[in-house]
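The first residue in the sequence is number 1, and the count goes up from there. Both ligands and their constituent atoms are indexed starting at 1 by order of listing.
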Amino acid sequence: MTHRLYYHDSSLYTFEATVLESLEREGKRAVVLDRTAFYPTSGGQVHDTGKLVLGDERELPVTEVAEEDDGRIFHFTKEPLPAGTVVRGRVDAARRRDHMQQHSGQHVLSAAFVRLFNMPTVSFHMGAESCTIDLETTGLSPKQAEQAERLANEIFLEDRAVTIRFVPLEEARQLGLRKLPPKQAGDLRLIDIADFDLTACGGTHVRSTGQIGAILLRKTEKVKQGVRLEFVCGLRAVNAARQDYGTLSEAASLYSAHIHDLPQQIRKSLEDSKSAGKAQHKFLEEIAELHAERLLAKTAESSLVVSEVFPERDAVFIKLLAQKLTAKRPNVVALLAGGLGQPSLVFAQSAGHKFNMGQLMKDAMTQLGGRGGGTADMAQGGLPAEAVDLAKLEKTLREIAARL
Ligand SMILES: [Zn+2]
């Protein structure tokens with residue numbers, strides 16, 4: 001069993017210890033020490049990283065720390081160390097401080113939700129960029145989230161003491177803890193935020209709430225057990241706000257607007273593009289109509305097979321044109337191709353006419369090396385952009401027209 005120095009002092013970043021054993025776990029080297037200040041991943045908090053320094057000043061990076069059910073703590077290192085070696089441990093203090101800010105911030109936030117809305121926290125997750133808690137509730141309004149955020153930040157400003165103590169389970173039951181662990185051997189480790197929160201926890205915590213700095217609540221989402229709430233504390237809150245401001249400023253400069261006017265600007269621009277899209281569609285319809293009239297005018301009344309390649313038109317336009325052509329008169333066959341974007345073909349005939357457009361399209365695609373198909377009255381096909389050869393397209397359409 002490894003003696004956990006961090007249980008008593010969360011701000012201890014250097015220590016001396018003796019190697020008890022070196023072993024291999026899941027293909028990785030691990031060192032077990034008699035005592036450690038390295039925190040292993042547990043209770044929602046992520047492990048520390050750092051170094052083990054040997055007598056000759058050689059440094060072994062500790063990349064991961066994990067705990068075993070039997071109480072041993074594994075320090076994952078690249079190399080093994082013989083039992084009995086004396087090492088100095090150095091915990092990455094910046095990473096640990098960040099974890100303490102997030103974890104202590106979580107205790108305050110969870111307590112705030114219980115106090116304000118009687119919403120218990122059922123789980124806590126610490127990620128590399130943000131943290132989440134799952135609240136047991138059927139719903140959480142933005143206003144409630146804001147109130148809890150406000151209360152938590154006030155508790156930080158009051159700089160309340162955060163203390164650790166160990167009490168027997170029976171005594172702990174009388175104390176009205178926010179959370180009792182499911183099973184526990186020996187005394188319970190309690191984290192006491194003066195007159196605000198008392199809970200059982202094995203994590204590392206700040207000395208007073210002022211060290212957490214600030215908390216910023218971010219997105220919420222519905223999950224099976226309730227509502228998942230994302231938050232960031234301390235420097236992460238500053239970083240998140242800094243990044244948000246950068247993104248908003250960049251977007252605002254595109255509109256030459258103030259960041260607070262962005263939603264209104266974006267709404268306006270969406271409306272503009274929607275009406276521009278509508279107007280464009282109307283123009284396309286009109287142009288298709290004119291082309292349909294032109295094409296039918298130059299087609300012999302007896303054949304009514306229209307075939308044409310439009311190098312500067314896309315699939316949407318030629319489909320529209322095919323619809324206009326075949327709706328204008330019975331017995332029309334339209335064999336059209338567009339060269340804009342992905343080269344495309346549309347074959348269509350007046351409803352119920354005697355040919356099979358789907359089959360003709362399949363034949364054309366076999367010849368041109370594309371993919372397509374459709375019904376007897378309407379078929380579409382697309383060609384790879386690099387294979388477009390307008391002369392070849394025209395020739396293929398002419399040949400198909402000649403078969404009809
Ligand atoms: Zn905790």
Passes salt bridge (Lys or Arg N to Asp or Glu O under 4.0 Å), Glu64 versus Arg25? Steps please. CA-CA 12 Å; Glu64 196 188 329; Arg25 190 49 62 105; over 6 Å; no
Any side-chain donor near an acceptor of the partner, Asp363 and Gln367, under 3.5 Å: no
So, His291 versus Arg294: side-chain donor-acceptor pair below 3.5 Å or not? yes
Distance alone, cut at 3.5 Å: any donor-acceptor contact between the side chains of His107 and Thr199? no
Within the structure provided, determine whether Leu135 and Leu140 are in side-chain contact (heavy-atom separation under 4.5 Å). yes
Closer than 2.8 Å to the Zn ion (ligand 1) - protein N, O or S atoms, ordered by chain and residue number: His103 NE2, His107 NE2, Cys201 SG
Pairing residues for Thr18 by the side-chain contact (heavy atoms from CB on, under 4.5 Å) criterion, not counting sequence neighbours: Asp34, Val86
